[in-house]
Amino acid sequence: MENTEKKTNFITNAIDHDIANKVYKNDRVHTRFPPEPNGYLHIGHAKASLLNYRIAQEYNGKFNLRFDDTNPIKEDMEYVKSIKEDLTWLGIDWEDRLFFASSYFEKMADYAVELIKKGLAFVDDLTADEMREYRGNLNEPGKESPYRSRNIQENLDLFLQMKAGKLPEGSRVLRAKIDMTSPNMNMRDPTIYRILHTKHHATDAEWFIFPMYDYAHPIEDAIEGITHSLCTLEFEDHRPFYDWVLSNLDNFQEEAPRQIEFAKLNLTNTIVGKRYLKQLVDEQIVDGWDDPRLATLSGLRRRGYTPEAIQAFCEAIGTAKTNSTVDIAMLEHFIRDDLKFKAPRLMVVLDPLKITITNYPEEQIEWVDLPLNQEDPEIGEYSTPFSREIFVERSDFLETPPKKFYRLFPGNEVRLRGAYFVTCNEVIKDADGKIIELKCTYDPATRSGSGFAERKVKGTIHWVDANLSKKVEIHLYDHLIVDDDGLTKDNFLDRINPNSLKIIEAYAEPEVMKAKAFDKFQFIRNGFFSVDSKYSTLEAPVFNQIVSLKSSWKPGK
RNA sequence: AGGGGUAUGGCCAAGUUGGUAAGGCACAAGAUUUUGAUUCUUGCAUGCGUAGGUUCGAGUCCUGCUACCCCUGCCA
């Protein structure tokens, strides 16, 4: 099953084209992932970082991790740490190429001086409000700032004063001198430096001016020798300025990086986007950035997702320029697909109904052997206790079953997985009519593995010993957003599913108690579960439901 | 005097120089099954936003429409 076809997309096509035209020496390809350290990474960042990383791998190129830390007001070292952890977990290796935009601040300031000397940048005294007025709007051209004609020497003096911290915050900016009548708003003399008297988290030197993204990014890319600078669609309009910066700086006349834009990832039934994620965290609607309901990488990890599943998902969704929303069922498919062979399969009863096996000797306990995963004998076996009193899933019994119901009902015989056939004889109810117990009989001849073949049974159900099973806490999840028809950035808080988390107490066979944080299991017929890293202890385990199992059972079909 | 993008089945998405619509998810049917899971088999676009045109032949070329997304931070 070898897939010799490499997955192509418009970006690999562009790179192939550049290689064919010898745009970069030695067919080199160099990409980068440039997160701003102002929040945690989410599944959309997984798509972007993996895209850059994979392309570097496929073309025998290099990949850099670069923190785009040009705004000290929003950024923090806490995020640098989490981002590195998440990327490492995802399987991304930047080797020794970890960079910070802030380490290029001195060079960037020098390049700004170069632009000033070339008459391509000027210091503007307009206030932010005035600048907005002068900018014009989508339908009307802007007006040139009265300070635009300042002479080069004055611009230089002023810029150096800004840099030295001698001018108050917000009092002036450095702007590129391009064209106030451009239909592209980004070319109407964009700001390239602002004065900020905020301590930067990563620089030793004291800085009072900070470069804007549009100015800094092309320089960062060029300094690092990036060939293909991949970013999201909203930066398409910024590309002319990206190219303007590089084409006007003497150092970057050869092998300038090329910006290529692709569509962001959107997922149904959830919200992706740092700003919205932050809101959910800040307003404590969720339990932190790593809440298992969030599509953050730390949340997915805590939930029990594996890097392999996320990698496979990101490859499957492809890369294009079409705005799209991927069905979350696709993500769920890939975690099932990854875990089905490698996760041990154990029995846990989520909603217990007691069964007394009336013809089974009192006090007797026998241990039955089961494979940890019958698809892969290598994973091994374990034993589980069986006795006169067991729990089965309440939903596996129906007093009046619909057609084709293969589970328990009065008079019906089913297999207890790994143990015996049992037949339901009697239903015990409490005063309110609620079923509280079933009386069954078992057939000793039907023990699993005995080779019994006289009768067949349609259904096999899971169970645990009533006395030897352990109580465990289980967190069941539903999609964070159930109905995303008409979902917008403004109404998403109203769409949060109030039942996205349900905490229940379940009964687990003893083997389950060996689990450690992040261990993953299939709880037979119930889904995949992972040990919660935040609340679980050895004495009181807590499991997160990663995803349910698929089911084609529909009553009445 | 607006500009920049995108339109291929329910959801993603391939479609090199025009040659007769990959694949995945979802869904449906059947087989196997000590998980109604897995696995296996089968089905699922006379049509590529729309109307014309060029051509022996158009998702691919041309023209005109339409819909949706992005842009008026001293955010990234």
Side-chain angles (χ1 to χ4, degrees), chain A residues 3 5 7-9 13 16-17 34-36 38 68 70-71 73-75 124 126-128 131-133 135-142 169-175 181-188 190-196 210 212-214 216-217 231-240 261 263 265 268 274 312-313 315-334 336-337 340-341 345 347 370 374-375 404-407 414-419 421 448-449 457-462 522-527 548-554 557:
Chain A
N3 196 358
E5 302 280 303
K7 193 151 186 173
T8 61
N9 57 52
N13 292 345
D16 290 341
H17 183 267
E36 184 189 15
N38 69 342
D68 209 354
T70 56
N71 186 351
I73 294 168
K74 292 173 146 188
E75 297 152 6
D124 200 340
L126 252 31
T127 64
M131 264 183 72
R132 187 157 42 245
E133 282 173 37
R135 189 152 37 228
N137 59 47
L138 298 181
N139 299 305
E140 286 165 40
E169 195 165 286
S171 62
R172 286 184 171 84
V173 293
L174 183 70
R175 292 228 254 169
T181 67
S182 171
N184 181 348
M185 302 298 283
N186 298 298
M187 298 299 267
R188 318 245 262 226
T191 300
I192 62 181
Y193 265 99
R194 74 283 219 186
I195 303 174
L196 250 32
F210 293 90
M212 299 290 287
Y213 167 88
D214 280 343
H217 211 83
C231 64
T232 44
L233 253 28
E234 68 270 28
F235 291 103
E236 239 161 351
D237 288 344
H238 299 232
R239 191 174 51 215
E261 311 85 8
L265 169 63
T268 63
K274 234 187 259 186
F313 168 75
E315 297 220 347
I317 57 172
T319 308
K321 297 192 71 157
T322 321
N323 282 312
S324 60
T325 302
V326 175
D327 194 334
I328 197 147
M330 182 98 87
L331 218 209
E332 294 171 346
H333 162 78
F334 284 102
R336 288 192 189 102
D337 193 51
K340 67 189 175 197
F341 295 135
R345 285 135 67 147
M347 296 193 287
L370 282 158
Q374 69 261 46
E375 313 274 0
K404 292 194 179 173
F405 185 77
Y406 300 146
R407 287 111 95 152
V414 299
R415 181 196 300 275
L416 294 175
R417 180 174 180 274
F421 287 9
S448 283
V457 105
K458 286 283 241 180
T460 297
I461 64 174
H462 62 101
Q522 181 188 137
F523 290 164
I524 295 276
R525 301 209 304 137
N526 276 321
S548 64
L549 254 30
K550 289 183 62 165
S551 171
S552 59
W553 160 243
K554 292 176 193 72
K557 207 185 69 170

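Below, all heavy atoms of this structure are taken into account, side chains as well, without hydrogens, waters or symmetry copies. Labels below follow one simple rule: chain letters A, B, ... track the order of the sequence lines, proteins then strands, and each chain is numbered from 1.
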Just by modelled atom types, is the [Y] backbone N or O under 3.5 Å from a matching donor or acceptor in the [X] side chain?
X: A:Ser551; Y: A:Trp553; answer: yes
X: A:Glu140; Y: A:Gly136; answer: no
X: A:Asn186; Y: A:Asp237; answer: yes
X: A:Thr232; Y: A:Glu234; answer: no
X: A:Arg336; Y: A:Ser548; answer: yes
X: A:Arg188; Y: A:Arg135; answer: yes
X: A:Thr319; Y: A:Asn9; answer: no

Nearest-nucleotide pick for [X], side chain only, options being [options]:
X: A:Phe235; options: B:C25, B:A76, B:G2; value: B:A76
X: A:Ala320; options: B:A14, B:C11, B:G36; value: B:A14
X: A:Asn137; options: B:G5, B:U72, B:A1; value: B:U72
X: A:Val173; options: B:C25, B:C71, B:C74; value: B:C74
X: A:Glu234; options: B:G24, B:C70, B:G73; value: B:C70
X: A:Lys404; options: B:G3, B:A76, B:G36; value: B:G36
X: A:Leu549; options: B:A37, B:U72, B:C74; value: B:A37
X: A:Asp237; options: B:G3, B:G36, B:A76; value: B:G3
X: A:Thr191; options: B:A1, B:C74, B:U34; value: B:C74
X: A:Thr322; options: B:U38, B:A13, B:C69; value: B:A13

Assess whether one donor atom and one acceptor atom, taken from the side chain of A:Arg239 and the base of B:G4, lie less than 3.5 Å apart.
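Counting by modelled atom types and ignoring angles, no donor-acceptor contact under 3.5 Å is found here.
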
Could you tell me whether [X] contacts a base, only the sugar-phosphate backbone, or nothing, with contacts defined as non-hydrogen atoms closer than 4.0 Å?
X: A:Gln522; value: base
X: A:Arg175; value: nothing
X: A:Ala329; value: sugar-phosphate
X: A:Thr127; value: base
X: A:Glu236; value: sugar-phosphate
X: A:Glu261; value: nothing
X: A:His462; value: nothing
X: A:Ile328; value: nothing
X: A:Ile524; value: base
X: A:Gly459; value: nothing
X: A:Met212; value: sugar-phosphate
X: A:Thr268; value: nothing

Respond yes when some side-chain nitrogen or oxygen of [X] is under 4.0 Å from OP1 or OP2 of [N], and no when none is.
X: A:Ser552; N: B:A37; result: yes
X: A:Arg525; N: B:G36; result: yes
X: A:Lys340; N: B:U39; result: yes
X: A:Ser324; N: B:A13; result: yes
X: A:Lys550; N: B:A26; result: yes
X: A:Lys554; N: B:A28; result: yes
X: A:Arg135; N: B:G73; result: yes
X: A:Arg194; N: B:A76; result: yes

Rounded to whole angstrom, note down the [atom1] distance from [N] over to [M].
N: B:U66; M: B:U50; atom1: C1'; result: 7 Å
N: B:C40; M: B:U32; atom1: C1'; result: 8 Å
N: B:C12; M: B:A29; atom1: C1'; result: 25 Å
N: B:G3; M: B:U17; atom1: P; result: 29 Å

I'd like to know if A:Lys340 pairs up with A:Glu375 as an ion pair, taking the criterion as any Lys NZ or Arg NE/NH1/NH2 lying under 4.0 Å from an Asp or Glu carboxylate oxygen.
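No, no charged N to carboxylate O under 4.0 Å.
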
Between the side chains of A:Arg194 and A:Glu169, is the shortest nitrogen-to-carboxylate-oxygen separation below 4.0 Å, so that they form an ion pair?
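Answer for the salt bridge query: no.
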
Symbol by symbol from the 5' end, with Watson-Crick or G-U pairs under 3.5 Å, [ ] crossing and | another strand, RNA chain B is .((((((..(((......[...))).(((((.......))))).....(((((..]....))))))))))).....

Anti or syn, where syn is a glycosidic angle within 90° of 0; which label fits B:G73?
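Syn for B:G73; the angle stays within 90° of 0.
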
Would you say the base of B:A76 stacks on A:Tyr213 (centre-to-centre below 5.5 Å, plane angle below 30°)?
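Stack criterion not met.
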
Between A:Glu36 and A:Asp68, which heavy-atom pair has the shortest distance, and what is it?
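Reported closest heavy-atom pair: CG-O, 3.5 Å.
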
Does the side chain of A:Asn137 pick up a donor-acceptor pair with the side chain of A:Asn139 at under 3.5 Å?
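Absent: no donor and acceptor within the cut-off.
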
Under-3.5 Å N/O pairs linking protein and nucleotides 15-20 of chain B:
| residue | atom | partner | partner atom | Å |
| --- | --- | --- | --- | --- |
| B:G15 | OP1 | A:Thr8 | OG1 | 2.6 |

Relative to the ring of A:Tyr213, is the ring of A:Phe235 parallel (under 30°), tilted (30 to 60°) or perpendicular (over 60°)?
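Aromatic pair A:Phe235/A:Tyr213 classed tilted.
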
